[in-house]
Each structure stands twice: as C-alpha cells, then as structure tokens.
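Beneath this line is the structure, given in structure tokens, with notes to follow.
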Amino acid sequence: MKLLNELFQVYNFRPENFEEIKDLRKFFSREKISEIGKELKEETIDKFPEYKKLLNARGVNSTLFSETIKDFFDSMFDHESLAISASSIVQTHKKWNIKSLDFIEVYFSFTEKILSVLYDAAARQPELINKIKKFTRLLFIVAVYFLRTSSGTETQSTITTADPMTGLPSRYNIQRIFPDCKNKDSLFAVVFDIRGFANINTYFGYEVGDSVIIYLATFLKETFMETFCRGYPNIFRLQGDQFLVFLKGKQKEIETKVDKFLQKVRKKPIKIPLEGDKHALDIVLISVGTAVNVCSDISSLLWILENSLREFKKTKKEGFFFIDETVRQRCRKRKENVALVIKAIKENRVTFAFQKIIDLYTGDTFAFEVLARIRTSDGKLIPAGVFIDDISFYSLDGDLDRIVIEEAIKYKALSGMKEKLSLNISNALLEGNVDFLEKVTLKNGVSPEEIIIELMERQNLSLISHLEEKITYLKSLGFKIFIDDFGVDYANFHLIETLSIDGIKIDGRFVKNIDKKVLDREFVEFVLSVAKQLNVSVVAEYIENEQILKTIKDIARDFKVLGQGYLFGKPEVKE
C-alpha cells in the first residue's frame, strides 16, 4: 500500500479524485463487465498457454474469471479497496509464477476495453472527457504499480532516487557504479529509443505515451534484467523514451540478442482505444551499442551513445547498430567543438569576418557576407566551417548567430559602411524571437533594407515552424531574403516558389568544378533558368579562378549573376 500511495502523490491523484470518477461506474452494467471478463479470458488463454494451464488447474472458469475482473474494476473507485485488490492480484501472479510481461499485456488489454466503453460514452456526452482523463491517469498509476511490484526484481533505490514510472534506476545512478564496471571485459552498453515518441504523445495523448513507456520497460525487464554492479539492475531509464542496458558477452552474441528483442517488440503492438475503436500502436525502436571499455568515463560513454543515436536516426528508421571507431571519433570531435564554442561565447572570443559579394559584370561590391569566427586563447582564428555543423546539431548556432549579428551590425553603424550586410541565420534563431533582427537594427540605426538574411537550406528549412509567416514579417520590415547552400541535402525547389524570396546562393560544390564537370554545369544552368523565371537574384559561391568566372558568365548569358570566392578576396576579420 505504501508504494501505491507514493505513486498517487507522484502523479497527483488525490483522494477527492476518486469521488469525481465514480460517475463513470454507471456505464458498466454487470452484464457489460461480465462480457469484458469473458473476452479478456479468451484473449488470455489464446495468447498465453501458461495462463490456460494455471486457470484450469485452479478451477477458474469464465464466470469466476469475470467476477474477479468485476471486483477489481469496482475497487478502482475506492482508494482502500484498490490498494487491497491490486496487492492481492500481484501476490497471486507472483505465487503462480506468471511472467511480468504477460501480466502487463493482459492488464493493458483490460484498460483498452474499459476506455473503449468510456470514450464511446464521451462521444454522446462530451462533458465526461475530464473525468475520463482522471480515470485514465488512475489506470496508468495502477500499471506503474504492477510494473514495480510484479517482476520480483525491484531495485535497491527508493522511489525518490529511481524513476517513479518504471522503478528502474535513473541515469544519475550510473555515475555511482561506472567506476566498478568500466574496465570489465566483454561489457557493452546499449541504448533503446522509441522512434517517433513525441508524435505518440501529440496524437494520442500523454497517457498513451506513458503506457508505451511502461510496456517497453516491461519488455526490457523480461528480456535483459539481471543483477549488475553493487546490487543494481543492468537496466536504467536515461530520459524520456530512452533506456540504457548493460550486456555481457561477445559482440555477435549481443547483436543477435538485441535483434531478437527488437523483433519481439515489433510483433506485439500496444492496443489503445481511438474514437470508440481499437487501434494497434506499433512500438518502433532504434538502438545503438558500443563496448564500454572504449570510454574512460560515463560522460564520454553517454555522449557517444546519444550522438551516434542521433546520427543513425537521420538515415535509419529502426534496427540495432554497433558504433564503430569512425563514428566514435566523429562524436568525440563534435564534443570538442561544442565545448570550444561554449567557452568562446563565455569568454567573449567570438568575432566575425567579411567576404565580398561582387557584381560579376561591373565589379562593384554588392554586399559583404558576415562569417563567424572564434579566436583561440593564443590568438588563432577558427573559421565557422570547422564547428558550425557540430553546434547546429545541438541548436547552439542560434546563440552564436545573435552575437555575430549584433556585433556586425554595430560595426556597420559605427564605421559608416555603405554596403549591405549578408547575415547567415540558423533555424535555431528563427525558431526563437525572430523580432531580434528588428530590434538590433533599430538599436544601431541601421535600416533593414541594408540587410540580407541568408536562410541555410542545409538545415532543412521545412522544419521551421510558421516559416512563411516569419519571412513575410521580415520582408515587411524591409529585409531581403536569400536561400543559402541552395541545392544540397534538403534541396526543396518549391521553397523558392512558395516563399517570397529575393535571391538564392548556389552552393559552392556545384560551382567550383563547373568548368570540368558536365553535371555541375547542367545543375547551375537549370538553377539560373528557374531564377530568371522567378526574377530573383543569384549568387555563385566558390569562384576561385578566371575560368570558373568565364564559365558562369557563359551560362548566365544576359542574366546578371553575383559572385563570391577567393578570386575576389578572402574573408577579412574586422577589428
């Protein structure tokens, strides 16, 4: 009873809530509960042969099974009765040695049938929704209680140090035991992540998302649970929908075991009520693993696992992937670059350089692109290309943008610079307070008409919320809008049609070999033809020599193109 009371406190289910949900009892006649009980028994003995043997051996027929279900259901409307009933069910299942995974699956089937009836009633009486939500939370709390008590492998942690939902130790406990396990041979760390978990919460509600977490935790316990270091289990809840499991063995053995587990989970979707009907919700998992002894500390281990998982999620939908040395090195380098930028921001060592954008036909300077630079403690300059992809991985580029933009616009105002400034704007900045650009120009007395905003296509512009409205707002202030890196990674040609833009910058990889590669030439020619039809400006990057310049002019013919590259000057830092 103590654990259940603690769970009521953790999930904010108060005694008065039992009174509020009692009104829902009227939708379940004795006949309806009996029908649910019979359906549940048939499903149970069909799915789990062990249940059938046990029920037959103890003389539990359909009538007795239905009565048990009815008594349990009735107990859910009274705090004391529920505590006694839930404890009795757990003890019975332990005595009968029923697998916790089977137990939880039967319970979820029960909740799905109960909620289907209630949501069907809510379709006729919408005012019931709030009460049903409270009852759903109660069903979830009971599921947590069953998970915590049914496996027989509870951790030494109390509810205050363990994850209250699953009963598993949290990631903070890994720090305590890692020194004892990091040097063990044949020890691997594997992270499991639910693909699209945020969408489950959004589309089906947090109650369903929480149920999925419990379902997966039960699968993990049933498959992998064993005593690890200092009496801890080998399974930890990292965060949200992520779990970490330590496994012993050879790499191939681990690979086979995890693959079988993923297949097992895939074959058992969780059933939820959806608009009065039953919906099978697949749990799609993606997992990464690495040998533990390749990392000297827990921070490095978790960093490599998390970053590798992010990388694989970009190209893989599901499955298990071992992290090789190439990926580990890339993760380590990313960590170094993130630390580099964070420290530079803290110590005010962020600066910028200007690079000319030239009118290829008059030779006049059209604008200066502003390029971020970091000055090391010994005075060396590090260009943005070294670290920008790594920090954008964590949306830190938004913080860098703010500093560089503010300093560059301030410089323009104080120096009296007449040329336009072309500013790279990351997705992270556009997702924040987009009016920052208006404020910084107004503060420094610089007209927005003197500023070009470069949206970076390599960051997938379609992910920016309300992009079209934001662009319309910025243009109404007078800012010019260009799309940078055009043609790479997330090449979305529809953007230059749907967005009211003023220009595009062809990514340099298509320009630098334009005099040698036919396909690059064809691509640039195509972009120029589209730009001409839409009447937008074009900047060709990476013009490094006279031959490239001549080829660009030949392709452009009568369409005036702007250019940027070392032929016209390298970036210069302005002190």
Side-chain angles (χ1 to χ4, degrees), residues 341 344-345 348-376 379-388 391-392 397-426 429 436-437 440-441 443-456 458 474 478-486 502-508 511-512 537-545 548-549 552 561-575:
V341 173
I345 291 174
N348 296 317
R349 290 189 284 101
V350 175
T351 186
F352 58 89
F354 286 151
Q355 187 174 25
K356 293 179 182 178
I357 300 175
I358 298 292
D359 184 321
L360 297 185
Y361 302 89
T362 66
D364 295 335
T365 300
F366 171 76
F368 283 99
E369 181 177 5
V370 179
L371 303 167
R373 295 289 185 266
I374 284 179
R375 194 183 299 279
T376 63
K380 294 180 182 177
L381 288 173
I382 302 176
V386 171
F387 54 77
I388 196 66
I391 67 169
S392 64
D397 45 347
D399 296 332
L400 192 72
D401 284 350
R402 289 176 184 275
I403 297 171
V404 172
I405 289 169
E406 191 158 16
E407 291 301 314
I409 290 178
K410 185 190 298 183
Y411 178 89
K412 176 176 171 59
L414 293 176
S415 66
M417 178 188 288
K418 302 300 182 185
E419 294 85 359
K420 294 182 175 66
L421 291 185
S422 190
L423 307 173
N424 291 286
I425 306 294
S426 63
L429 184 61
F436 163 76
L437 293 160
V440 73
T441 50
K443 176 183 175 182
N444 289 281
V446 174
S447 170
E449 293 179 355
E450 298 178 54
I451 304 296
I452 298 168
I453 294 173
E454 295 187 23
L455 308 178
M456 292 179 282
R458 62 182 166 81
L474 290 170
F479 292 102
K480 303 296 182 185
I481 308 296
F482 279 42
I483 295 180
D484 193 13
D485 311 314
F486 192 77
D502 301 286
I504 56 179
K505 295 183 74 174
I506 305 174
D507 188 78
V511 177
K512 64 182 180 181
S537 300
V538 173
V539 180
E541 298 180 308
Y542 275 69
I543 298 180
E544 307 293 299
N545 55 56
I548 294 175
L549 175 61
I552 287 288
V561 179
L562 303 168
Q564 187 174 0
Y566 282 5
L567 180 62
F568 312 115
K570 296 181 178 181
E572 296 180 6
V573 174
K574 301 295 183 181
E575 300 296 344

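In what follows, every heavy atom counts, from backbone to side chain, and hydrogens, waters and symmetry copies are set aside. Residue numbers run from 1 in the order of the sequence given.
- Side-chain contact between Val440 and Lys410: absent, with no pair of heavy atoms (C-beta onward) separated by less than 4.5 Å.
- Taken from CD1 in Ile345 to CD1 in Ile403, the straight-line distance is 4.5 Å, to the nearest 0.5 Å.
- Distance alone, capped at 3.5 Å, places no donor-acceptor pair between the Asp502 side chain and the Phe482 backbone.
- Qualifying side-chain contact (heavy atoms from CB on, under 4.5 Å) partners for Lys380, counting only residues two or more places apart in sequence or in other chains: Thr376, Asp378.
- In this structure the side chain of Ile451 never reaches within 4.5 angstrom of the side chain of Leu437, judged on heavy atoms.
- The shortest side-chain heavy-atom distance between Arg373 and Pro571 falls under the 4.5 Å cut-off.
- Taking the side-chain contact (heavy atoms from CB on, under 4.5 Å) definition, one finds that Lys443 meets it with Glu406, sequence neighbours left out.
- In this structure the side chain of Arg402 reaches within 4.5 angstrom of the side chain of Leu429, judged on heavy atoms.
- Across all their heavy atoms, Val561 and Ile552 have their closest contact at CG1-CG2, 4.2 Å.
- Around CZ of Phe366, the count of heavy atoms belonging to other residues, nucleotides or ligands within 6.0 Å exceeds 12.
- When all heavy atoms are compared, the tightest approach of Glu449 to Lys420 is O-CE, 3.7 Å.
- The main-chain N or O of Arg375 is found under 3.5 Å from a side-chain atom of Arg349 such that the two form a donor-acceptor pair.
- Of the inter-residue distances, the one linking Phe352 atom CZ with Leu381 atom CG reads 12.0 Å to the nearest 0.5 angstrom.
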- Query: Going through the distances and angles, do Ile357 and Lys505 end up as a side-chain contact (heavy atoms from CB on, under 4.5 Å)?
  - Reply: CA-CA 11 Å; Ile357 300 175; Lys505 295 183 74 174; 4.3 Å; yes
- Can you check side-chain contact (heavy atoms from CB on, under 4.5 Å) on Glu544 and Leu567, steps first, answer last? CA-CA 5 Å; Glu544 307 293 299; Leu567 180 62; 5.9 Å; no
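- A heavy-atom distance below 4.5 Å is found between the side chains of Leu371 and Asn424.
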- Message: What verdict does the side-chain contact (heavy atoms from CB on, under 4.5 Å) test give for Ile425 and Ile405, after you've listed the backbone C-alpha separation in whole Å, the side-chain angles of each residue and the deciding distance to 0.1 Å?
- Response: CA-CA 9 Å; Ile425 306 294; Ile405 289 169; 3.3 Å; yes
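- Across all their heavy atoms, Ala408 and Leu421 have their closest contact at O-CD1, 3.6 Å.
- Atom-to-atom distance recorded for Lys480:NZ and Glu454:CD is 15.0 Å, nearest 0.5 angstrom.
- For Ala540 against Val511, the heavy-atom pair with the smallest separation is CB-CG2, 4.2 Å.
- Considering only heavy atoms from C-beta on, Gln355 comes within 4.5 Å of Tyr566 through its side chain.
- Scanning for side chain to side chain donor-acceptor pair (under 3.5 Å) contacts around Asp401 gives Ser426, with sequence neighbours left out.
- Taking OG1 from Thr365 and CG from Leu562, the interatomic distance works out to 11.0 Å, rounded to the nearest 0.5 Å.
- The side-chain heavy atoms of Val341 and Asp399, taken from C-beta on, include no pair separated by under 4.5 Å.
- Atoms CG and CG, from Leu455 and Asp485 in turn, are 10.5 Å apart once rounded to the nearest 0.5 Å.
- Partners of Phe568 by side-chain contact (heavy atoms from CB on, under 4.5 Å), not counting sequence neighbours, listed by chain and number: Ile358, Leu360, Ile543, Leu549.
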- Task: Step by step, work out the side-chain contact (heavy atoms from CB on, under 4.5 Å) result for Ile453 and Leu423.
- Result: CA-CA 5 Å; Ile453 294 173; Leu423 307 173; 5.5 Å; no
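- Asp507 CG to Lys512 NZ: the interatomic distance, rounded to the nearest 0.5 Å, is 8.5 Å.
- When the ring-ring contact (aromatic ring centres under 6.0 Å, His included) test is applied to Phe368, the partners found at least two apart in sequence or on another chain are Phe354.
- Residues satisfying the salt bridge (charged side-chain N to carboxylate O under 4.0 Å, His left out) test with Asp359, not counting sequence neighbours, are none.
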